[in-house]
Amino acid sequence: VAPVISGLGAFWMWHQRRGGLFVYLFGQLLISVFGLYVYLIDQPFDVPTTYYYILFYFVQLAFFGLYAMNWKVLNNTR
């Protein structure tokens, strides 16, 4: 369900809809929280694989922050 929500948000972001930004964030939070739960709490801590997965989930959330900071610049290009 979360990838569909993120996909819908990404589609709306592509069309420069502000609501798409928040729908995308919600979908990414669902994916990241579930992934971090699995790799931090549920699974045994395997070095280095777990570190890569944890980094991947934080990079997904960092992308949202960078995109949100650049939102004004992206909207002025039309």
Side-chain angles (χ1 to χ4, degrees):
V1 173
V4 173
I5 293 171
S6 291
L8 180 65
F11 179 75
W12 284 346
M13 285 169 47
W14 181 50
H15 286 285
Q16 300 292 322
R17 304 269 194 301
R18 184 177 299 263
L21 195 65
F22 298 108
V23 171
Y24 179 78
L25 175 64
F26 180 69
Q28 288 301 312
L29 282 174
L30 287 176
I31 292 171
S32 295
V33 166
F34 178 72
L36 287 172
Y37 169 76
V38 167
Y39 284 103
L40 289 177
I41 297 172
D42 199 33
Q43 260 191 353
F45 216 73
D46 256 348
V47 182
T49 307
T50 304
Y51 293 136
Y52 293 134
Y53 280 112
I54 291 170
L55 178 67
F56 173 71
Y57 292 120
F58 283 124
V59 167
Q60 281 182 322
L61 295 177
F63 168 77
F64 174 80
L66 293 174
Y67 192 88
M69 287 189 303
N70 204 19
W71 182 263
K72 185 176 181 180
V73 175
L74 291 171
N75 279 334
N76 289 334
T77 59
R78 286 187 168 207

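Keep in mind it's a predicted model, so treat the numbers as computed, not measured.
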Point to revise | Val59: hydrophobic cluster co-members (side-chain, 4.5 Å) | key: Leu55
Among the clusters formed by ILVMFWY side chains lying less than 4.5 Å apart, do [X] and [Y] turn up in the same one?
| X | Y | result |
| --- | --- | --- |
| Met13 | Phe64 | yes |
| Trp12 | Phe22 | no |
| Ile5 | Trp14 | yes |

**Study point:** Set of residues satisfying ring-ring contact (aromatic ring centres under 6.0 Å, His included) with respect to Phe63, sequence neighbours excluded
**Key:** Tyr67
Review point. Under 30°, 30 to 60°, or over 60°: which ring-plane class applies to His15 and Phe11, parallel, tilted or perpendicular?
Key: perpendicular
Side-chain donor-acceptor contacts of residues 26-36 below 3.5 Å, not counting sequence neighbours, with atom names and distances?
| residue | atom | partner | partner atom | Å |
| --- | --- | --- | --- | --- |
| Gln28 | OE1 | Gln60 | NE2 | 3.4 |
| Gln28 | NE2 | Ser6 | OG | 3.2 |
| Ser32 | OG | Gln28 | O | 3.0 |
| Ser32 | OG | Gln60 | OE1 | 3.4 |

